[in-house]
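Read the structure below first, then the notes.
We count ligands from 1, going down the list as the structure has it; atoms in each ligand are counted the same way. Numbers here are sequence positions counted from 1. Just the heavy atoms: all of them, side chains too, but no hydrogens, waters or symmetry mates, feed the values below.
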Amino acid sequence: MTLTLNHVSKAYGRSTVRAVRDLDLQINDGEFVALPGSSGCGKTSTLRMVAGFEAVTEGTITLAGCRIDGLSPARRNVGMAFEGYALYPPLTIEDNIGFGLGRGSGADPKQRVRDLAELLEIGPILKRKPAGLSGGQQQRASLARALARHADLHLLDEPMGQLEPQLRAVLRGRVKALTKAHGLTSVLVKHDQTEANAMADRIAVMEGGVLQQYGTAAELRDRPANLFVATFLGEPPMNTMPGTVEGEGVRLQGEGNLRAALPGLAVPAAGTEIVLGVRPHAVMLGRGDWQGTVISNHWLGDEAHVALDVGGRTVVAVTHQRVASRTGSVVPLGFAPGNTHLFDAETGHALMHGAHPA
Ligand SMILES: Nc1ncnc2c1ncn2[C@@H]1O[C@H](COP(=O)(O)OP(=O)(O)OP(=O)(O)O)[C@@H](O)[C@H]1O
Ligand SMILES: [Mg+2]
């Protein structure tokens with residue numbers, strides 16, 4: 001069901017500091033949204049307000065057209081997998097997952113529990129109780145419980161944080177497929193942005209309690225709204241170089257009198273102080289107007305990460321060809337103007353996206 005947050009803020013206790021500030025967010029029926037962001041940016045606070053474990057300080061929350069911000073958690077039809085939202089110790093895993101299943105949960109609730117357990121690879125522990133299970137097993141049981149009821153909304157806060165990366169990669173594909181098959185509206189909090197990208201229809205990036213940008217992975221990659229989003233998403237992060245607009249391009253600060261020509265692009269007025277952004281995958285090695293000295297060169301099996309010193313700046317390039325360049329060798333480098341971004345040096349707001357003009 002559609003979830004709408006309207007101007008939602010959160011201040012804890014008597015603090016005047018807002019953990020979440022003026023958050024507007026709509027998650028459409030059946031949509032899977034990821035909420036990545038650095039530690040302390042307000043992700044869990046947001047989820048806890050939607051679940052009803054924390055009161056909103058300002059703003060409103062509606063689910064399926066009804067105001068829910070005044071309701072107790074039990075009266076919101078929300079499935080939750082949270083740290084600290086424990087399984088019931090006296091019940092078996094099977095009964096924990098199936099708790100509250102009944103009306104409206106299909107012909108055979110027990111079969112639904114078994115299917116979920118199989119999907120999350122916890123079939124063998126269904127008859128056990130939570131005590132004595134590993135952290136990863138408890139997490140998966142909790143995730144299964146959150147998904148079992150096919151609630152109006154599913155809130156998942158780092159639901160697989162304790163699993164090893166291989167298993168996590170398999171399970172996230174299955175969980176995504178399950179939510180799509182049943183049209184389950186879901187919000188996933190993730191530190192790991194790769195995982196967020198892989199699972200989500202849309203991504204809401206938060207920082208300092210403030211929503212920075214909300215869009216598809218492709219929108220956030222091609223048209224980051226500001227320097228924070230540009231450098232937060234993407235591995236290795238975008239290269240950023242301060243400079244000034246000059247004619248049809250930019251002149252960079254620092255040594256080497258470096259210029260980047262941006263012909264045909266909507267560059268801001270001459271004299272504007274900017275930060276030039278170029279993703280490592282867009283840096284070409286072996287040709288171009290710049291020269292760099294190789295600082296390090298790591299072959300990662302299918303791509304090389306090469307760090308170069310370019311007139312005192314470090315520029316990272318990712319290439320799928322093995323580069324023979326050794327540390328200390330000097331190589332030409334460049335990038336297509338279409339693969340650049342310009343940000344306002346003072347505010348960080350995006351001013352121009354090369355191949356994706358506004
Ligand atoms: N119960 C609380 N009382 C007081 N301050 C709190 C409380 N819970 C969270 N905060 C503060 O609110 C801010 C946001 O915390 P929150 O837990 O929402 O962050 P988060 O994005 O989930 O971080 P993490 O990735 O580390 O889980 C932090 O500054 C945190 O210290
Ligand atoms: Mg958290």
Under 3.5 Å, side chain of Asn339 to main-chain N/O of Phe335, donor-acceptor pair present? no
Could you note down all residue pairs passing side-chain hydrogen bond (donor to acceptor under 3.5 Å, both in side chains) where residues 54-63 supplies at least one of them, sequence neighbours left out? Ser9-Glu58, Lys10-Glu54, Arg18-Glu58
Is there a side chain to side chain contact (heavy atoms under 4.5 Å, CB included) between Leu258 and Arg313? Walk through the geometry before answering. CA-CA 11 Å; Leu258 285 182; Arg313 312 159 188 82; 3.1 Å; yes
Which residue supplies the protein heavy atom nearest to atom 10 (N) of ligand 1, what is that atom called, and how far is it? Tyr12 CE1, 3.3 Å
Would you tell me which option among Gly208, Gly13, Ala19, Gly161 has the nearest heavy-atom contact to atom 12 (O) of ligand 1? Ala19
So for Gly37, does at least one of its heavy atoms come nearer than 4.0 angstrom to any atom of ligand 1? no
Summary of side-chain hydrogen bond (donor to acceptor under 3.5 Å, both in side chains) pairs that have at least one residue in residues 225-244, sequence neighbours excluded: Gln212-Asn226
Residue Glu255 excluded, over 12 heavy atoms near CD under 6.0 Å: no
Whether over 12 other heavy atoms sit under 6.0 Å from Met352 CE: yes
Please identify each residue that fulfils side chain to side chain contact (heavy atoms under 4.5 Å, CB included) with His305, with sequence neighbours left out. Pro236, Leu300, Glu303, Val318
Kindly say whether Gly136 contributes a backbone atom to a donor-acceptor pair with the side chain of Gln139 at under 3.5 angstrom? no
Say whether Thr44, considering both its backbone and side-chain N or O atoms, lies within less than 3.5 Å of an N or O atom on ligand 1. yes
Output the list of atoms in ligand 1 that are nearer than 4.0 Å to some heavy atom of Gly42, sorted by atom number. 14 (C), 18 (O), 19 (O), 20 (P), 21 (O)
Can you say whether the rings of His320 and His281 are parallel (under 30°), tilted (30 to 60°) or perpendicular (over 60°)? tilted
Which count of protein N, O or S atoms is obtained for distances strictly below 2.8 Å from the Mg ion (ligand 2)? 1
Under 3.5 Å between any N/O of Glu54 and any N/O of ligand 1: does that happen in this structure? no
Donor-acceptor contact below 3.5 Å, side chain Ser186 vs main chain Leu184: yes
Ser45: numbered ligand 1 atoms lying under 4.0 Å from its heavy atoms: 14 (C), 15 (O), 16 (P), 18 (O)
Note the single closest protein heavy atom to atom 26 (O) of ligand 1, along with its residue, its atom name and the distance in Å. Ser39 OG, 2.5 Å
Is it true that a side-chain atom of Arg76 and a backbone atom of Leu71 form a donor plus acceptor pair closer than 3.5 Å? yes
Evaluate Gly40 for polar contact with ligand 1, using N/O atom pairs at a separation under 3.5 Å. yes
Using a distance threshold of 4.0 Å (strictly less than), state whether atom 31 (O) of ligand 1 has a protein heavy-atom neighbour. no
Does the protein put any heavy atom within less than 4.0 Å of atom 7 (C) of ligand 1? yes
